[in-house]
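The structure appears right after this line, and notes come after that.
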Amino acid sequence: MLEAPNRRPARFITFEGGEGVGKSTQVKRLVSNLASASVEAVRTREPGGTPKAEAIRSYILQGRSESWGAGGEAVLFAAARLDHVHQLIAPNLAKGTWVISDRFADSTRAYQGLTGGVDPKLIDALESLALDGHTPDLTLVLDMDPELAFKRVAQRAIEDGLALTGDRFEKEELDWHRRLRDGFLDIARNNTDRCVVLSADQGEENLEKEIWKVVQSRFPELHAGIEA
Ligand code: TYD
């Protein structure tokens with residue numbers, strides 16, 4: 001019988017946090033660190049990751065769903081997630097490829113639930129429908145003072161030569177961002193088995209190293225892979 005090329009279980013890792021904390025950069029760096037450890041990983045994001053979910057993403061981020069209210073939007077995010085889980089996340093995990101996602105279900109809990117006021121029972125129900133048992137193995141919550149994160153977003157826009165218009169979520173008030181930050185910290189406190197909070201207020205390189213340490217200690221099979 002042929003031996004499976006990669007017998008280590010594939011892991012599902014999500015990144016969460018407010019705006020401008022540097023998730024996308026760290027997602028890319030983690031995928032490349034995994035590649036150095038001979039682990040195949042796919043990088044994805046939410047909302048999005050599949051054609052249907054990307055269509056929902058542009059509808060929402062253009063501000064077209066605002067009149068649906070936070071509850072309606074929670075349903076839209078969940079519909080996008082349902083497709084993402086079934087078409088991308090589950091099939092990759094099943095074939096042994098790790099999945100690293102820039103945002104996932106905790107974003108709905110933080111944005112639409114804890115900050116947007118949607119009933120936690122509805123959030124729970126949507127989560128169980130969309131995840132279908134695919135709870136992340138590890139969630140890295142990147143935490144930063146929103147005032148600082150704002151400055152980083154502005155600086156990035158200047159560097160990219162863009163006007164700081166922002167999508168509709170980036171236009172929210174500072175106070176709202178503080179509540180959002182507390183929301184993510186709350187989620188982490190209630191899910192200590194799954195979530196690790198890391199300060200995003202450090203250099204990208206330091207944060208990358210810290211993340212890599214967490215991932216290696218969480219999944220010791222990575223060492224086995226390097227030594228093999
Ligand atoms: P994006 O440009 O990807 O923002 P970021 O770089 O901060 O991740 O836009 C996604 C926006 O959608 C972001 O403001 C968070 C919001 N969002 C929710 O409100 N609920 C959700 O369930 C998800 C996945 C995202």
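The salt bridge (charged side-chain N to carboxylate O under 4.0 Å, His left out) search around R109 returns D124, E127, not counting sequence neighbours.
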So T108 and L126, side chain to side chain contact (heavy atoms under 4.5 Å, CB included) or not? Walk me through it. CA-CA 9 Å; T108 304; L126 291 172; 5.5 Å; no

Let's go through L198 and D143 carefully: what are the C-alpha distance in whole Å and the side-chain angles of both, what is the deciding distance for side chain to side chain contact (heavy atoms under 4.5 Å, CB included) to 0.1 Å, and is it a yes or a no? CA-CA 6 Å; L198 296 168; D143 178 59; over 6 Å; no

What do the steps show when you test E16 against S107 for side chain to side chain contact (heavy atoms under 4.5 Å, CB included), and what is the final call? CA-CA 7 Å; E16 297 281 4; S107 282; 2.5 Å; yes

Take D186 and R189 through the salt bridge (charged side-chain N to carboxylate O under 4.0 Å, His left out) test and state the conclusion after the steps. CA-CA 5 Å; D186 231 42; R189 260 192 302 274; 3.0 Å; yes

L129 and L82: side chain to side chain contact (heavy atoms under 4.5 Å, CB included), yes or no, with the steps? CA-CA 7 Å; L129 172 78; L82 183 76; 4.3 Å; yes

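In this structure the side chain of T25 never reaches within 4.5 angstrom of the side chain of V27, judged on heavy atoms. When side chains are defined from C-beta on, L138 counts as touching V215, because their heavy atoms get closer than 4.5 Å. No side-chain heavy atom of F184 sits under 4.5 Å from any side-chain heavy atom of L142.
No hydrogens or angles considered: a donor-acceptor pair under 3.5 Å links the side chains of T50 and D83. The closest side-chain donor-acceptor pair between T14 and S101, if any, does not fall under 3.5 angstrom. Looking at S24 and R45, their side chains never bring a donor and an acceptor atom within 3.5 Å of each other.
Hydrophobic side-chain contacts under 4.5 Å tie L131 into a cluster, directly or through other members, with F12, V42, V85, L88, I89, L93, V99, F104.
For R181 and E19, the salt-bridge test fails: no basic side-chain N is under 4.0 Å from an acidic carboxylate O. In this structure, R57 does not pair ionically with E46, as no charged nitrogen and carboxylate oxygen lie closer than 4.0 Å. Using a 4.0 Å cut-off between charged nitrogen and carboxylate oxygen, R194 and D137 do not count as a salt-bridge pair.
With values rounded to the nearest 0.5 angstrom, W212 atom CH2 is found 9.0 Å from S32 atom OG.
Sorted by first and then second residue, the pairs that involve residues 207-220 and meet salt bridge (charged side-chain N to carboxylate O under 4.0 Å, His left out), not counting sequence neighbours, are R29-E208.
Using modelled atom types, no side-chain atom of T97 and backbone atom of E40 make a donor-acceptor pair closer than 3.5 Å.
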